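Note sheet for the following structure.
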Amino acid sequence: MKQYLISIADLSAEEIENIFQLAARIKKSPEKYRTSLQGQMFGLIFEKPSTRTWISFETGIFSLGGGTVYLGPEDIKLGVREEVRDVARVLDRYLAGIILRTFSHQTITEFRRHFSKVVVNGLSDFEHPCQALADYFTLRERLPKGRKPALAFIGDGNNVLHSLLLLTASLGGEIHYATPRNHEPSEDVLKRASAIAKKTKAVIQGGYNPEEAVEGADAVYTDVWVSMGEEKQREEKLKAFRGMQVNEALMKKAGKGAYVMHCLPAHRGEEITESVLESKNSIVFDQAENRLHVQKAVLLHLSGVKRG
Ligand code: CP
Ligand code: NVA
């Protein structure tokens, strides 16, 4: 069994289902898992800021009986102070697992090649698998049992959308996305997602028109227009994403019951309006909470822990 979650494509549909079931059990009775990772130390190497990923992993590991060491942007300086492969081989001697948040996806894949235990992608420029799993878990809690979600994503074709595309493909639901031109998802992700979707009958549909994308959606999802590390492109991106805002007019097109989703942090007035983010259909804080439960399940799954 793989001990890493770097891309959603690292998990089979069956493994995803097992993780969701385990997450539901952990959420219901966290006390049963208090010693599941007893004595195990995890490292968190973060090249970028974080609220949810950092704190949910630290809290989650602590509540499973394990310990953490957080290493921020100024600490290890992967690939600058020392080569990634050297850091990985040293930490392999100390730690039971590592959670990495990096600029480049290749940093995580390279780290994984030289680290023999659990490796989790806590966001790279290319994917955010823990986020997508928590998002689908949240939808599963909300939608009637067995219903495959129809998700609309309005925004940037990068990390969050990539993981949602691959997850939708595996689970067999629908995803309709709208991005500005030149901000489409990667061709490689689209090819991989389409190949999986052929088997699962998932529907993946992309375009440039948010109104078309949200029609009939169970949930409308957006993410920041300027991702971490893109600050220099801010003005250019704000211009490119004009017309992509999730606002009340767009939510009306989606229909009355459609949920509002956002991975957070949110930039009110840019990708989403205050009124939509704070509306009664907004489930953004459930998504944030579920990061905790789902990641605990991911860690137990990757560590091969069978029982609480
Ligand atoms: N959604 C998310 O990953 O949030 P953080 O950047 O705060 O970890
Ligand atoms: N696309 C965003 C996601 C933040 C959770 C970023 O990379 O900054």
Side-chain angles (χ1 to χ4, degrees), residues 5-8 42-61 68 70-73 98-108 120-139 151 153-167 175 177-180 182-186 189 219 221-234 236-238 240-241 244-246 260-268 270-272 277 282-296 298-299:
L5 171 59
I6 297 176
S7 164
I8 282 289
F42 287 78
L44 282 82
I45 300 182
F46 277 45
E47 293 180 341
K48 299 173 180 172
S50 170
T51 303
R52 281 144 290 273
T53 309
W54 176 8
I55 311 302
S56 57
F57 267 110
E58 287 223 27
T59 312
I61 292 166
T68 57
Y70 171 82
L71 299 149
I98 198 96
I99 293 99
L100 286 158
R101 168 165 285 198
T102 61
F103 286 98
S104 161
H105 194 70
Q106 278 65 45
T107 304
I108 308 184
V120 180
N121 176 358
L123 179 142
S124 68
D125 57 351
F126 203 63
E127 270 205 58
H128 198 2
C130 297
Q131 180 68 53
L133 288 171
D135 298 336
Y136 264 85
F137 182 79
T138 307
L139 281 171
L151 189 62
F153 183 97
I154 313 300
D156 205 355
N158 64 3
N159 44 18
V160 171
L161 178 56
H162 286 167
S163 292
L164 289 170
L165 283 165
L166 291 166
L167 188 51
I175 186 162
Y177 63 87
T179 68
N182 303 320
H183 295 278
E184 299 91 348
S186 113
V189 169
Y221 197 126
T222 188
D223 178 17
V224 292
W225 290 344
V226 184
S227 284
M228 290 179 275
E230 294 184 337
E231 291 74 14
K232 284 202 181 115
Q233 302 163 46
R234 184 173 163 77
E236 193 190 309
K237 288 200 87 177
L238 291 191
F241 282 75
M244 289 280 154
Q245 187 184 62
V246 175
V260 175
M261 299 182 78
H262 195 307
C263 51
L264 303 177
H267 294 152
R268 291 166 168 84
E270 290 181 17
E271 77 277 2
I272 194 162
L277 189 74
S282 169
I283 53 172
V284 302
F285 296 104
D286 290 346
Q287 290 174 258
E289 179 190 331
N290 284 331
R291 295 287 306 275
L292 172 68
H293 311 301
V294 172
Q295 286 161 196
K296 285 167 77 173
V298 165
L299 288 174

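Counting convention: from 1, in listed order, for ligands and their atoms alike. In this text the structure is predicted, and so the values were computed from the model without any measurement.
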Identify the protein heavy atom lying closest to atom 6 (O) of ligand 1, giving its residue, its atom name and the separation to 0.1 Å.
Arg101 NH1, 2.8 Å
Closest protein heavy atom to atom 4 (O) of ligand 1, given as residue, atom name and distance to 0.1 Å
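The closest heavy atom on the protein side is Arg52 NE, 2.8 Å.
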Taking only heavy atoms of Thr51, which atoms of ligand 1 are found under 4.0 Å from at least one of them?
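Numbered from 1, ligand 1 contributes 5 (P), 7 (O), 8 (O).
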Atoms of ligand 1 less than 4.0 Å from Arg291 heavy atoms?
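Per the distance check, 1 (N), 2 (C), 3 (O).
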Going by the rule side chain to side chain contact (heavy atoms under 4.5 Å, CB included), which residues pair with Ala266 if we only count those two or more places apart in sequence or in a different chain?
His262, Leu264, Glu271, Ile272, Leu277
Sequence-distant partners of Ser282, side chain to side chain contact (heavy atoms under 4.5 Å, CB included), two or more places apart
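Here the qualifying residues are Val260, Ser279, Val284.
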Has the side chain of Asn159 got a donor or acceptor atom that lies under 3.5 Å from a matching backbone atom of Glu127?
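The answer is no, because no donor-acceptor pair under 3.5 Å joins these two groups.
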Sub-3.5 Å donor-acceptor pair from the side chain of Lys48 to the main-chain atoms of Gly229, do we have one?
no
Do you know the tightest heavy-atom contact between Asn158 and Ser227?
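Heavy atoms of Asn158 and Ser227 come nearest at ND2-OG, 3.0 Å.
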By side chain to side chain donor-acceptor pair (under 3.5 Å), which residues pair with Glu184, not counting sequence neighbours?
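Listed in chain order: Tyr208.
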Is it the side chain, the backbone, both or neither of Leu264 that has a heavy atom closer than 4.0 Å to ligand 1?
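Under 4.0 Å from ligand 1, Leu264 contributes backbone atoms alone.
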Of the side chain and backbone of His128, name the one, both, or neither that has a heavy atom under 4.0 Å from an atom of ligand 1.
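For His128, only side-chain atoms sit under 4.0 Å from ligand 1.
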Is the closest N or O pair between Met228 and ligand 1 shorter than 3.5 Å?
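No, there is no polar N/O contact under 3.5 Å.
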Does a salt bridge link Lys237 with Glu230, judged by any charged N lying under 4.0 Å from a carboxylate O?
yes
Report the distance from atom CD1 of Ile99 to atom CD of Gln295, rounding to the nearest 0.5 Å.
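Reported value, rounded in 0.5 Å steps: 8.0 Å.
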Using the ring centroid of each side chain, check whether Phe42 and Phe57 are separated by less than 6.0 Å.
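Distance test on ring centres: not under 6.0 Å, no.
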Which protein N or O atoms sit under 3.5 Å from any N or O of ligand 2? Give each pair with its distance.
{"unit_1": "ligand 2", "atom_1": "1 (N)", "unit_2": "Asn159", "atom_2": "OD1", "d": "2.9"}
{"unit_1": "ligand 2", "atom_1": "1 (N)", "unit_2": "Asp223", "atom_2": "OD2", "d": "2.7"}
{"unit_1": "ligand 2", "atom_1": "1 (N)", "unit_2": "Ser227", "atom_2": "OG", "d": "2.8"}
{"unit_1": "ligand 2", "atom_1": "7 (O)", "unit_2": "Asn159", "atom_2": "ND2", "d": "2.8"}
{"unit_1": "ligand 2", "atom_1": "7 (O)", "unit_2": "Ser227", "atom_2": "OG", "d": "3.3"}
{"unit_1": "ligand 2", "atom_1": "8 (O)", "unit_2": "Met228", "atom_2": "N", "d": "2.8"}

